[in-house]
Amino acid sequence: MLFLHVSDIHFRAPLCLNPDLDPSRPYRTRLLHSVMDNVEHLGEVDGILIGGDVAFKGDPDEYEAAQDWIGQLADACGCDLNSVFVVPGNHDVDQRVIRSKVAVQNAQSAIFNAHGNRLAVLTAQLNDEQSGRSLFEPIAAYNDFAARYNCQVYPTDKIFWKQIREFGDGVALRIFGLTSTLLSGQGAPRGERDNESTLYLSPLQTVLDPQEDTVTMVLSHHPPEWLLDRDDVNDKINGRAHIQLFGHKHAGRITREDGYLRVNAGAVNPDEGELGWCPTYNFLDIQVEGEGRTRKIKIVTHILEWQQNPEGYRPRRSPQGADFFTHEIAFPSRNRPASVAAPIRVVADEQPAHGGAAILSDTEAEMGRPDTRNLVIRFWKLNSSQRRSIARSLGLLEASEATLPEPERYGRALIRAGERNLLDELQTQIENEERN
C-alpha cells in the first residue's frame with residue numbers, strides 16, 4: 001500500500017477564503033504538482049493520512065476551504081475520498097469555546113491536575129454526560145469536517161477511531177487515529193499555549209491489542225514528548241505499533257528501530273517566520289514480504305521538502321545517497337493453514353477491564369473498508385433532513401440521541417447499520433435520496 005502523509009496544513013481564515021490573497025496557497029499548489037509528478041513513478045495512492053492542524057483556529061470556514069483542497073489532493077493522488085483519514089491537532093481546537101465555557105475549563109482542569117489518578121478522573125469525566133460533551137466541544141467544527149471522512153470522535157466509546165484495510169494473503173492493516181487534543185488549550189483562559197508534557201492521551205487510546213497477521217499503524221498529531229503520560233505512551237506505542245506517524249513539530253524526522261518506524265511529519269504550511277522553515281510531506285510505501293518465520297514488513301519512506309530556487313519539492317537523501325529511506329521490521333507468521341486462520345473478531349460494546357469508556361468496537365473498524373467507507377461519505381454528502389430520514393427509516397437512532405451533535409448522532413447510526421447487517425438497505429436508501 002502506498003500512503004501520502006501530510007500534516008499541519010493550517011488553513012487560516014479569512015485569508016484562505018480568497019485564493020488571490022492567501023500567502024500559503026502557492027505552497028499547497030506546488031505540493032499538488034509534486035504529488036502528481038511522484039505518482040507517475042510511485043503509482044496511485046491507496047490512502048491519504050492527515051496528521052492534524054487542518055485549520056488554524058478551528059473556524060468552520062477554514063474547513064470548507066480545506067475540504068476543497070483535499071478533494072484536489074485526492075485527485076492528484078488518484079485516490080478516492082473514501083481513503084482520506086484525519087486526526088485533530090491543537091489548531092483544530094477552537095480556543096474561543098474554551099475561554100467562554102466554564103464547563104470545558106473545569107473538565108480539562110480536573111484531568112490535568114489529577115496527577116496519580118488521572119486515568120480514573122478522565123474516565124469519570126468522559127462518562128459524565130455534561131463533562132464528556134464539554135471535552136469535545138472545542139473541536140465541534142473539526143468533527144463536522146472529519147465526519148465526512150468517517151473520522152469524527154466523541155465520548156465515551158469513540159475517543160479515537162480505528163479502520164481496517166486488507167493487504168491480501170490474510171494480512172490486515174489497522175490504522176488507529178488517536179486524539180491528543182483533549183487537554184489542548186487548557187491554559188487558554190490565561191492566554192497560554194500548549195507546552196510539552198501538558199497534554200494527555202491515556203491508556204484508553206494505547207490498547208492497540210496486538211493481532212496476528214496484522215500490521216498496526218498509529219496516526220496522532222502530538223508526538224509522545226508533548227504528553228503528560230509520555231513514557232507510558234512511548235512504551236506502549238513502540239511495543240504495539242509497527243508504523244507511527246506524528247505531526248505538530250514542523251520538522252520532518254524518521255526514526256528506524258527494530259520493531260517500528262516513526263515518522264514525524266514536517267508541515268505543509270509552517271509559519272514563514274519560524275526557525276527552520278521548510279514545507280514538507282511524505283510518501284510511505286508499505287509491503288509485506290516473505291512467509292513463515294522470515295516474513296517482514298518493508299517500508300520505503302520518501303520525504304519531500306521545499307527548495308526555494310527553483311521553488312518546489314525535492315526528495316531528502318538518505319545517508320547512502322538514495323532518494324528514499326528503507327526500513328524492514330520482522331513480522332513472522334505462525335504458518336497456520338488458511339482454513340484455520342483466526343478472522344478479525346467483531347465485538348460490539350466491549351468494555352475494558354478497568355470499567356471505563358468502551359474500547360472501540362471492531363464493527364467500526366470493519367466499516368473502514370473502501371466500499372463501506374464510500375457509502376459513509378455518500379451519506380454525509382446528503383443534507384441534514386435526508387440523513388435524518390434514512391436513520392429513522394432504518395431504526396438506527398435511539399430517542400436519547402436526538403439532541404446529540406450530528407457527527408456523533410449519525411456516526412452512531414452508521415455503526416449500528418454495520419452491526420445489524422443493514423448496509424445494503426442503507427445503500428438503497430442513500431441511492432433513493434441521491435435521485436431526489
Side-chain angles (χ1 to χ4, degrees), residues 1 44-48 63-64 67-68 70-71 73-75 77-86 142-154 157-158 160-168 172-175 177 343-350 358 360-436:
M1 295 186 189
E44 293 186 342
V45 167
D46 295 295
I48 299 173
Y63 293 111
E64 290 302 315
Q67 186 183 15
D68 290 342
I70 290 169
L73 182 63
D75 288 342
C77 292
C79 175
D80 291 329
L81 287 174
N82 62 27
S83 294
V84 174
F85 305 89
V86 61
Y142 164 83
N143 261 335
D144 286 338
F145 158 79
R148 303 163 187 173
Y149 310 105
N150 202 29
C151 292
Q152 69 272 42
V153 288
Y154 47 78
D157 50 355
K158 198 169 181 284
F160 63 94
W161 54 257
K162 179 173 67 171
Q163 306 277 276
I164 291 178
R165 290 295 172 96
E166 300 294 341
F167 270 109
L173 170 70
R174 295 184 308 175
I175 310 173
I344 295 171
R345 187 167 56 101
V346 177
V347 181
D349 301 322
E350 183 178 348
L360 195 63
S361 75
D362 278 344
T363 302
E364 191 240 358
E366 291 289 321
M367 291 182 71
R369 301 180 190 281
D371 54 346
T372 307
R373 253 183 147 249
N374 183 58
L375 196 62
V376 170
I377 288 170
R378 288 166 60 193
F379 177 84
W380 283 106
K381 286 182 177 179
L382 301 174
N383 63 43
S384 184
S385 63
Q386 290 173 311
R387 293 195 291 264
R388 182 171 59 250
S389 175
I390 290 174
R392 286 178 174 175
S393 174
L394 296 178
L396 300 176
L397 288 175
E398 304 290 343
S400 60
E401 296 170 344
T403 60
L404 293 178
E406 284 203 356
E408 179 177 356
R409 187 191 322 161
Y410 296 121
R412 291 183 181 278
L414 291 167
I415 290 175
R416 285 197 189 104
E419 290 173 345
R420 299 174 184 177
N421 296 315
L422 294 175
L423 294 180
D424 287 342
E425 290 86 345
L426 177 64
Q427 178 171 329
T428 299
Q429 296 260 8
I430 291 173
E431 289 172 350
N432 290 339
E433 294 291 347
E434 289 172 337
R435 285 193 292 267
N436 294 335

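Position 1 is the first residue of the sequence, and the numbers go up from there.
Residues L426 and A417 approach most closely at CD2-CB, 4.3 Å, considering heavy atoms. Considering every non-hydrogen atom in both I377 and L81, the closest pair reads CD1-O, 3.1 Å. Across all their heavy atoms, A147 and P407 have their closest contact at CB-CB, 4.1 Å. Nearest heavy atoms, I48 versus A74: CD1-CA, 3.7 Å. Residue V84 comes nearest to Y149 through the heavy atom pair O-CB, 3.5 Å, listed as atom of the first residue, atom of the second, then distance. Residues F167 and L173 come closest through the heavy atom pair CE1-CB, 3.6 Å.
The line from CD of Q427 to CG of L422 is 13.0 Å long, rounded to the nearest 0.5 Å. Put simply, OG1 on T372 and CG on N150 are 9.5 Å apart, with the number rounded to the nearest 0.5 Å. Between the CD1 atom of I430 and the CG atom of L423 there is a distance of 9.0 Å, given to the nearest 0.5 Å.
Applying the ring pair (Phe, Tyr, Trp, His ring centres under 6.0 Å) definition to pairs two or more places apart or across chains, none involves residues 417-436. Counting only residues at least two apart or on different chains, no ring pair (Phe, Tyr, Trp, His ring centres under 6.0 Å) pair has a member in residues 415-436. Note on residues 426-436: pairs passing salt bridge (Lys or Arg N to Asp or Glu O under 4.0 Å), not counting sequence neighbours, are R378-E434.
Between F379 and Y410, the distance separating the two ring centers is shorter than 6.0 angstrom.
A side-chain donor-acceptor contact under 3.5 Å links R148 and Q67.
In this structure, K158 contributes its side chain and Q152 its backbone to a donor-acceptor pair below 3.5 Å. In terms of modelled atom types and a separation under 3.5 Å, the side chain of R409 and the main chain of L404 share a donor-acceptor contact. Side-chain atoms of N143 do not come within 3.5 Å of backbone N or O of Y154 as any donor-acceptor pair. Between the side chain of N383 and the backbone N or O of S385, at least one donor-acceptor pair lies under 3.5 Å.
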Only distances under 3.5 Å count here; give the side-chain donor-acceptor pairs of residues 387-397 to other protein atoms, sequence neighbours excluded, each with its distance to 0.1 Å.
unit_1	atom_1	unit_2	atom_2	d
R387	NH1	W380	O	3.1
R387	NH1	L382	O	2.5
R387	NH2	E406	OE1	2.6
S393	OG	Q429	NE2	2.8

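Here E401 pairs with R416 under the salt bridge (Lys or Arg N to Asp or Glu O under 4.0 Å) rule; sequence neighbours left out. Residues passing the side-chain contact (heavy atoms from CB on, under 4.5 Å) test with N421: none are found, sequence neighbours excluded.
A salt bridge links D157 and R412; the closest N-O separation between the charged side-chain nitrogens and carboxylate oxygens is under 4.0 Å.
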